[in-house]
Structure formats: structure tokens, C-alpha cells
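Take a look at the structure below.
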Protein chains: 4
Amino acid sequence: MVATHALPVGEEDSAKRRQILDGARKVFMTLGFDGASMGEIARAAGVSKGTLYVYFTDKNALFESIVEQEKLEQGKAVFNFDTARDAEATLAEFGRGYIQLLCRPGGGSAIRTVMAIAERMPDVGKRFYEAVLAHSIRQLAAYLDARVKAGELKIDTTELAAAQFMMSCQATLFQPFIFQAKPTPSPEEIDRVVDSALRMFLAAYRA
Amino acid sequence: MVATHALPVGEEDSAKRRQILDGARKVFMTLGFDGASMGEIARAAGVSKGTLYVYFTDKNALFESIVEQEKLEQGKAVFNFDTARDAEATLAEFGRGYIQLLCRPGGGSAIRTVMAIAERMPDVGKRFYEAVLAHSIRQLAAYLDARVKAGELKIDTTELAAAQFMMSCQATLFQPFIFQAKPTPSPEEIDRVVDSALRMFLAAYRA
Amino acid sequence: MVATHALPVGEEDSAKRRQILDGARKVFMTLGFDGASMGEIARAAGVSKGTLYVYFTDKNALFESIVEQEKLEQGKAVFNFDTARDAEATLAEFGRGYIQLLCRPGGGSAIRTVMAIAERMPDVGKRFYEAVLAHSIRQLAAYLDARVKAGELKIDTTELAAAQFMMSCQATLFQPFIFQAKPTPSPEEIDRVVDSALRMFLAAYRA
Amino acid sequence: MVATHALPVGEEDSAKRRQILDGARKVFMTLGFDGASMGEIARAAGVSKGTLYVYFTDKNALFESIVEQEKLEQGKAVFNFDTARDAEATLAEFGRGYIQLLCRPGGGSAIRTVMAIAERMPDVGKRFYEAVLAHSIRQLAAYLDARVKAGELKIDTTELAAAQFMMSCQATLFQPFIFQAKPTPSPEEIDRVVDSALRMFLAAYRA
DNA sequence: CATGAATGAGCATTCATTCAT
DNA sequence: TATGAATGAATGCTCATTCAT
């Protein structure tokens, strides 16, 4: 049995709800949780302030929905982890795509915004980490498992190795980027750093 | 002739000023710039709200002083970069100390807080990055330079290598920690991760 | 097409807006710009403090609207300047009305309040002077022009003469009134002073 | 017997007290009662805020003393009311001096400042009016009395006539000046207005 | 359902005043 | 006496939230 007059709050996917989420994401990601005001969100979404409260019980709930949505979208960023391809090409391609994603304008926004609030909203932080960051690690680790099985690599703990590779690809790029200490890195810089990280990785883990 | 009754604002080191900075640091680091209220800071510092404004012109100035102080203190964290010591022991010890510093309770607070505000206060972000993060990288790079000269290591760009090592030491530890996804890592976990990072590093860069 | 739900700020004539203006006028005129607090204004207007800011961007804007409104209302005070009537009766009637207006309870309030702020808000002062005081002078001057043409009066500069008449009607009445040195003058006092001013005026300017 | 250790408050004329009054006058006359802060006054006077309270019980008392002092100084502005001199020359000279006094830069300040506060501090307003404005009127009236007796003038109520003359000298000059609607009038303008007021006065009151 | 007017608690900041030295 | 550090109440203003329409 389906409710014919379901409350908007219940509808997980009305057009209005999506419209609000889209406006709110921009504002939250730009200004952070505290810096974002419900008024500005309403304006960005093109709805009235009152309507916000029809779809979301309060600012926190709206923010959590944004993070939820962000999790889904960042989770969608698929990399070509064809387990038949060799590690060198696959990892180089993945590393470049990964850093480009992180360091594109607005790319660190979700990470920054969620990290900023993590102390006050630990659940939000934890769920985001699990769904986005740990998820990527697990994807890469699964690929590494396959290449270990294929005899190309020799790795004890693939999850740790995956995280190591991802972190070393960020070296000198991501932190200056989110701290606004350097501008968006060029493709050449990314290539250089990822190549270096890849060389280190293969030196250690090539079978 | 020296002013015997310098204005508080000018005094770089009165007890009250330190008292305020101490209280403010706790509040800012816990709640972030926007989440912290001058009232709460006053309470935490054990002074009246008015006194805050005797020592600091406004909330921004107080915050920037906190970040400045944090820079000094984090910059003081000296590691034993005796250029005569061999890389394996030195890097292992450094890596462990570095991760313990980052992941100690409250350890990521400054990084989190400054990163969170970096979009709105780019100068603060940039200066913090330079003084703390880039500073550590440079220190380590200088050590690596020495070991390259000593013939123990073979590295093209020591600054990149330094950053790579530092980042890979963080793998599976720092991000879950600041996202509140995992508790403070145990010394054993840190050992395991740093050892792994070190093995990878040496595999790539041992001469 | 007309917006059916215009923003309050844009509505030049909502009931709430008028209600706020009414409350604010009392408070501003009694306590002056600095003495008036937005809280007291809200109380006097019977609205919340927040509502004040829905209709006016800030305290200055509210004050300027009050002065604007006062200009309109004081400008409406029309006198019978029938150019066919003879000067003696017309000026006597005008003088009495003018002084009664200035010296009625609360009558000097706008003048006092605007004069008080004129140094810090010169535009407000200037516009008020032009719209209210200079406006009255010009009205009277126009009437005098007509009577000069009619051959009843002989005046070189009617604007100066108009101002002279208006000022001499105030003699011993208006200044003590706004300085709170004497109570509201009685109609008899007003008659006596206006008559005397009129006699002086006619002695000088009757053709 | 003289107190050797008289409290400052009791000393009516210590150098410090005068120093404070001088600083406070500038600030009060420029910014008005509410606009002036005790901090700014202390700075202008070159003393500490605490010292202000050694000599004056509070801001009101300090302000009242300023007005008191202003009364004394403005009362000192003596005009040449030689009862032997003829009215035409005497009044012309007086009128010019009077308007120049009122309209000199900072000249309307005391009047403006006291008038602004008169509703909230009626006693201050009343005493200032009596000591300054009414005082001038009485001085001029006394001179007129003499000239009436001398047979040069024929006036019913010299006090009213005095006030009339003083007011008509202000015509088109003083009000625009305090409302910041026109700049300080030139000597030529003053001459023209005072001459015109004088002609009107003599036309009415010459014996 | 959607609106936006209205609210009131909360914020950063100022300032008259006090008081130990 | 003179200081200036310290206070806390008050101010202008913002904003999440409510609710009548």
C-alpha cells in the first residue's frame, strides 16, 4: 500500500528535495557548516526558507543529507580497476585521476567541510570517511589483491599498501591545495608526483 | 627610557594574554572559528568578555594569534635529524614521532581548524602550511640531502621524497583519526605503518 | 505583472512598516539618534527586534526614513498663502500657525533631533533643512513676491525678508522652548510676539 | 584655614581639572553627549580614564561641568554696549559680532550639543539658555533701554525687541549653518543680512 | 505544499565605571 | 593622586526556526 499523500519529508526523491540539496551543497561546501545560513541556502536553492523545513527538520539534518549525497556522488567516481590490466599503467592512471579529483577547484571542499565538523558531528565524519575515503582504499586494495594473485605484485597487507600509494600521490599537492598555499596543481606536476609515487610503490611491491 | 606601563595590547607576553590564548586555543580548536563564541572563550580563559578586547582587537585577531602560537609550538617539535645517523633508524624514529604528534588527542585540531577556515582566510591557511607542514618537509628533506651526499640514499628530489615518506606514514592512520572514524592509533599500529612506509621508501631510494 | 508578495523591505507602505516608523519616531525624537536603542524602538513599535531589520537595513536607514517621513509631514503643513489676501492678515495668521507648529509639545523634536546629528550625518541635516525650513521660507517668499507685485509691499530680497519674519516671530519663544527653559507658550504670548514681529516687518516693508 | 590635602573633586581649579575639561569639551562638542566616550575624552585630555573619575563623579557630571564652563566663556563674549553710542552703529557692530560668533567653525557646537540633550537633561538646557542666550538678550535689552531713555528709540518691550533683532540677524545664516546645509557664511553675507535686519529694526523702533 | 513575515535567542563588540596598585 | 586593567551590562545586528495564510 502506498500513501497517496505522502509528506515531502518522506519522499526521498522529489524534484524540490533535489533542488534544495543542490543549492545547499554549494553553500555548505563553500562556506562550511557554520558559515552557511539557511537564508543563503534558500536563495541558492530558489525556494523559500520555510520550504527548507518542509523537507528537512533542521540545519543539521539538511547538512547530513548533503554529506550523504556527497558520499553517493564521490562513491560513483569509478576508476578503471580492470583486474586484468597490469599495475603500472593502472596505478598511474588511477593516481592521476585521483589527484585531479581531489585538487580540482572545489574538489577538496567536501573533505574540508566534513573534516571541519567531524569533532562536533563525529558520526557524520565517520560515515563520510567510511563511504568515501575508506571505500576508495578498499577498491584499490581489491585491485591489488588481484594483481598479487596474478603474481605481478607481492604485498602483505594490500589495504595498507593501497592507502600508502594514495597518500604518497598526494605528496606536495593536496595539503598545499586545501591550505590555499599553492594554486591548483598543473597536469604536469600531477604526472611528476604520481610517477614518483608509482616508482616508489613498484620498487617496494613488484613481485 | 622604557614604558613601565605598556598597554596590554602591546605586551607580547603578559600572564593575562597567555591565559586568554590558552583558553581561546581550547575553544577554537574544539569548535572551530565559527563555532567558538567570544563568550565561551572568555569563560574558558577565566576572564570577562571585555578583557578579551583589551588584549585583542577582535575575534579574527585573537584567532590569528592562536594560529601564530600554534605555528611556533608545532615548529618547536624537533626531531633528531643528526645527519651522521643512518636513514633507517632516523626515519623510523622520525616517522613514529611525527604520527604520534599528529594523532595524539587534540593533535589534529590545529590542522583541522586551520584547514577549515583556509577558504575564508587564505593568508592564515597559507602561513600555517608554510610554517608547520612545509617546514617539517624541509627539515626532513635537508636530512635526506645529507644522506644522499653520504652515499646512503639516491634521490632525485629530496623534498618530494620527504613529503612522500611523511604522507605514506599517515596511511590508514591520520585521515580516520581526524574524521573521527577510528580512535587514536596505538603505538603498535603506528610502528607497523611506519615500518611499512619505511620499507617502501628504502626499497625505492636506498643507494 | 505585479509581484504579489513583494519583499517587506521594498514595500513602501505596509502596515507593519508604518507601525515601526511610528514607534521609532517617538523613540528617536525623544532620545535622539544615539540615545534610542533598537530594542526600545522594537518595544515602542510592538514588534520584535528582528522585524526591524526585515523592514530597514540598519539603524541609520531607519533613522533616515524617520527624517524623510518627518520632512513629508512637516512639508504638508500648508498655510493659507492666498496671494490675493492682504499681507497684514495673512502674515499674522501664518506667524501664529508657524509658531504654534514649532512650539507644540513634540514640535521642536524633529528639528532638535536632526540638528543634533547634523555634524555626523550632514546629508540628513542638509536634506531636512532644504525640505522643511528652506521650503517654508520659499513658500512665504513666493507670497511676498506676489504682494510686492500687487504694490502692497516693497522688498528687495523677499527670501531674506521671509526668513527675517519667520525668525523674529520665534523671538523669546522657540529657543526657550527647545532648551526646556520655558513651557509651551500660550496662544496669548504667541499673539503678542507675532503681532510685534508683524509690526516691525510692515514698518520696514510696507510700500 | 586651608585644607592642605584637599580632594581634587573639591578643588575647583586644579590644572588637571582644567586639562580634563579642555579635552572633554572638544570631544563633547564634536560628538555630542552620547557620541562621546569616556575613553576618547581621556585620550583627548591626556589623562587616564580612571583620573576622569577622580575629578568627576560620572559622565553626566563631567558634561554638566563642560556646559557650565561653556556658559562662563560664552558669557565673557562682551559686546561694546556703550550706552552713549548711537543705536545704528552699535547694533550693526553687535549684530555682525554675534553672527560671526554663532557661525564660526565650531561656533554652533555648544548650542547644538546642549539643545540635543535638553529633553533628557532639562536642567542643563534651562541653565544654559538662561546663562547664554537669555543673558545676551538681557544685555542688548539693557542697551536698548538706555537708548529709549536717550530718546533715540521708541520701544514697548525692549527684551522682545532685543530678541527680535538677534533672531532676524540669524535669518538665512544660522539655521543652514547648524544643519550643515551651507558653509560658514562670508563676512559679506553677514554684513548684508545684519544690515537688512538693522534697517527693519530701525524702521520699526526709531523714535 | 509553499510561502515569507515574524520571532527571540545568540553573537561580536563597546563602554561607563570600579578598583588594586 | 593617578593609573589602566578588568568588568559586565547594553548595543546593533544575525539567523535558525515557526506559523498563519
Side-chain angles (χ1 to χ4, degrees), chain A residues 5-9 11 14 16 20 34-42 47-60 62, chain B residues 4-9 11 14-17 20 34-42 46-60 62, chain C residues 4-9 11 14-17 20 34-42 46-60 62, chain D residues 5-9 11 14 16 20 34-42 47-60 62:
Chain A
H5 289 291
L7 287 169
V9 176
E11 301 181 41
S14 76
K16 262 283 185 320
I20 292 171
D34 292 301
S37 81
M38 292 300 266
E40 190 134 354
I41 289 170
V47 303
S48 74
K49 253 195 294 184
T51 303
L52 260 32
Y53 288 87
V54 173
Y55 290 85
F56 302 92
T57 56
D58 58 15
K59 194 185 180 183
N60 272 44
L62 175 53
Chain B
T4 49
H5 289 290
L7 285 169
V9 177
E11 295 184 49
S14 76
K16 259 293 187 305
R17 192 187 153 92
I20 291 172
D34 291 302
S37 82
M38 292 301 266
E40 189 133 355
I41 288 170
V47 303
S48 75
K49 248 194 297 184
T51 302
L52 260 31
Y53 289 89
V54 173
Y55 289 85
F56 300 92
T57 56
D58 57 14
K59 193 186 179 182
N60 270 47
L62 176 52
Chain C
T4 49
H5 288 289
L7 286 169
V9 176
E11 295 183 47
S14 75
K16 255 304 183 296
R17 191 185 153 92
I20 292 171
D34 291 302
S37 81
M38 293 300 266
E40 189 133 353
I41 289 170
V47 302
S48 75
K49 248 194 297 183
T51 302
L52 260 32
Y53 289 88
V54 173
Y55 289 86
F56 300 91
T57 55
D58 57 16
K59 193 185 181 184
N60 271 46
L62 176 52
Chain D
H5 288 291
L7 287 168
V9 177
E11 300 181 43
S14 75
K16 263 287 187 310
I20 291 171
D34 292 301
S37 80
M38 294 299 267
E40 190 134 355
I41 289 169
V47 301
S48 75
K49 255 194 294 184
T51 304
L52 261 30
Y53 288 87
V54 173
Y55 289 86
F56 302 92
T57 56
D58 57 16
K59 193 184 181 184
N60 271 46
L62 175 52

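A, B, ... follow the sequence lines: proteins, then strands. Residue 1 opens every chain.
Remark: C1' of F:dT11 and CG of C:N60 are 14 Å apart, rounded to the nearest angstrom. Whole-Å rounding puts the A:K49 NZ to E:dA5 P distance at 10 Å. Going from atom CZ of D:F56 over to atom P of F:dT1 covers 14 Å, rounded to whole Å. Distance B:D58 CG to F:dG12 P: 20 Å, rounded to the nearest Å. Rounded to an integer number of Å, the gap from CG of D:L62 to C1' of E:dA16 is 12 Å. When rounded to the nearest whole Å, the span between CE of C:M38 and C1' of E:dT13 equals 16 Å. In this structure, D:Y53 atom OH and E:dT21 atom P are separated by 22 Å, rounded to whole Å. Atom P of nucleotide E:dA5 and atom OH of C:Y55 are separated by 6 Å, given to the nearest angstrom.
Across all strands, B:A42 comes closer than 4.0 Å to no nucleic acid atom at all (heavy-atom distances).
Taking CG of A:D58 as the reference point, atom CG of A:L52 lies at 11.0 Å (rounded to 0.5 Å). How far OG1 of B:T51 is from CZ of B:R17: 14.0 Å, rounded to the nearest 0.5 Å. Put simply, NZ on B:K49 and CE on B:M38 are 9.5 Å apart, with the number rounded to the nearest 0.5 Å.
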Would you check, one step at a time, whether the test side chain to side chain contact (heavy atoms under 4.5 Å, CB included) holds for B:V54 with B:K16?
-> CA-CA 10 Å; B:V54 173; B:K16 259 293 187 305; over 6 Å; no
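With both pairing distances under 3.5 Å, F:dT17 is matched to E:dA6 as a Watson-Crick or G-U wobble pair.
Along DNA chain E, the nucleotide closest to C:L52 and the one closest to B:S37 are compared, and the more 5′ of them pairs with C:L52. Residue-to-nucleotide proximity on DNA chain F shows that, of B:G50 and C:K59, the 5′-proximal contact is made by B:G50. Both A:S48 and C:S48 sit near DNA chain E, but only A:S48 has its closest nucleotide nearer the 5' end.
Distances shown here put a side-chain N or O of C:K16 below 4.0 Å from the OP1 or OP2 atom of E:dA6.
Side chain of D:V54, nearest nucleotide from F:dT1, F:dT11, F:dT17: F:dT1.
When all heavy atoms of B:S48 and B:A42 are compared, the closest pair comes out as C-CB, 3.9 Å.
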